[in-house]
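Worksheet: the structure to be examined is printed underneath.
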Amino acid sequence: MTCKKARGFLGHCSVAVTETVDANKIRFDEEKALGLLCDIEKLIVAKGKKIQEFDLKRERLPDETLLAQMMGPTGNLRAPTARIGKVLMVGFNEETYRKLFGK
């Protein structure tokens with residue numbers, strides 16, 4: 001459901017997407033999820049209405065802490081996940097998307 005909301009938001013706001021990965025076809029395990037954090041300065045995680053921000057430039061938290069936020073109950077990276085410059089957003093929150101995309 002959140003993937004559809006994210007796609008709808010991006011389409012409605014005419015945000016250019018450079019790469020799309022279908023989470024139903026390509027799975028991101030813990031190793032691949034941690035690989036997404038390369039060069040990331042801020043991790044934002046949306047779970048329902050709860051938003052958590054991690055300043056990875058200031059402090060790199062233990063992998064276990066980050067994975068606990070990024071991974072879903074199936075052991076795969078939660079979707080949707082979006083990289084906007086040096087920010088990685090896991091989950092969907094319309095207000096946060098508006099701030100990140102300037103819409």
Side-chain angles (χ1 to χ4, degrees):
M1 185 62 129
T2 56
C3 288
K4 287 181 182 181
K5 288 180 182 179
R7 270 195 303 271
F9 174 86
L10 297 173
H12 177 73
C13 293
S14 300
V15 173
V17 177
T18 57
E19 181 180 3
T20 301
V21 176
D22 187 337
N24 291 319
K25 295 179 181 176
I26 299 175
R27 303 291 183 179
F28 279 74
D29 60 13
E30 291 182 349
E31 184 179 342
K32 287 183 183 178
L34 288 173
L36 293 175
L37 295 175
C38 182
D39 297 329
I40 293 295
E41 295 180 359
K42 183 187 283 188
L43 171 65
I44 303 172
V45 179
K47 290 184 179 179
K49 294 185 180 191
K50 183 179 177 185
I51 308 297
Q52 291 187 289
E53 294 189 18
F54 302 92
D55 185 346
L56 303 180
K57 184 175 182 180
R58 193 183 87 225
E59 177 186 11
R60 173 62 190 241
L61 299 171
D63 289 349
E64 298 79 28
T65 302
L66 298 172
L67 288 170
Q69 298 299 314
M70 298 172 65
M71 305 305 284
T74 63
N76 294 305
L77 179 66
R78 293 178 50 245
T81 297
R83 181 177 177 151
I84 307 97
K86 294 194 177 269
V87 176
L88 188 69
M89 172 83 185
V90 178
F92 177 77
N93 175 277
E94 186 171 337
E95 182 180 330
T96 304
Y97 262 49
R98 287 190 185 286
K99 288 177 186 175
L100 289 173
F101 291 106
K103 300 291 180 178

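Both backbone and side-chain heavy atoms feed into the values below; hydrogens, waters and symmetry mates do not. Values in this document were obtained by computation on a predicted structure and should not be read as measured data.
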Rounded distance [0.5 Å steps], OG1 in T81 versus CZ in F92: 13.0 Å

Taking the side chain as every heavy atom from C-beta outward, state whether R58 and L56 have any pair of such atoms under 4.5 Å apart. no

Answer whether the closest heavy-atom distance between the side chains of R78 and V45 falls below 4.5 Å. yes

Could you please spell out the steps behind the side-chain contact (heavy atoms from CB on, under 4.5 Å) verdict for V87 and I40? CA-CA 6 Å; V87 176; I40 293 295; 5.9 Å; no

Atom pair OG1/CD1 of T96 and I51 - distance to nearest 0.5 Å: 4.0 Å

Please give me the minimum heavy-atom distance between L77 and M71, naming the atom from each residue. N-CE, 3.5 Å

Salt bridge (charged side-chain N to carboxylate O under 4.0 Å, His left out) partners of E53, counting only residues at least two apart: K42

Would you check if Q52 and Q69 make a side-chain contact, meaning some heavy-atom pair closer than 4.5 Å? yes

Between V21 and E19, is a side-chain contact (heavy atoms from CB on, under 4.5 Å) present by the stated rule, with each step listed? CA-CA 7 Å; V21 176; E19 181 180 3; 3.9 Å; yes

Using a 3.5 Å distance criterion without hydrogens, assess whether the side chain of R60 forms a donor-acceptor pair with backbone atoms of P62. no

Any M89 side-chain heavy atom under 4.5 Å of L100 side chain: yes

Side-chain donor-acceptor pairs under 3.5 Å in residues 26-33, sequence neighbours left out?
{"residue": "R27", "atom": "NH1", "partner": "A23", "partner atom": "O", "Å": "3.3"}
{"residue": "D29", "atom": "OD1", "partner": "E31", "partner atom": "N", "Å": "3.2"}
{"residue": "D29", "atom": "OD1", "partner": "K32", "partner atom": "N", "Å": "3.0"}

The reported gap from NZ in K86 to SG in C38 (rounded to nearest 0.5 angstrom) is 8.5 Å

Heavy-atom side-chain proximity of I44 to V90 below 4.5 angstrom: no

CG on N93 to NZ on K99, rounded to 0.5 Å: 8.5 Å

Which is it for D63 and M70 under the side-chain contact (heavy atoms from CB on, under 4.5 Å) test, yes or no, and what are the steps along the way? CA-CA 10 Å; D63 289 349; M70 298 172 65; over 6 Å; no

Please report the closest heavy-atom contact between A82 and Y97, naming both atoms and the distance. CB-OH, 3.9 Å

Interatomic spacing from CG in L67 to CG in L61 - rounded to 0.5 Å: 11.5 Å

Quick check for you: to the nearest 0.5 Å, what is the distance between K57 atom NZ and D39 atom CG? 12.0 Å

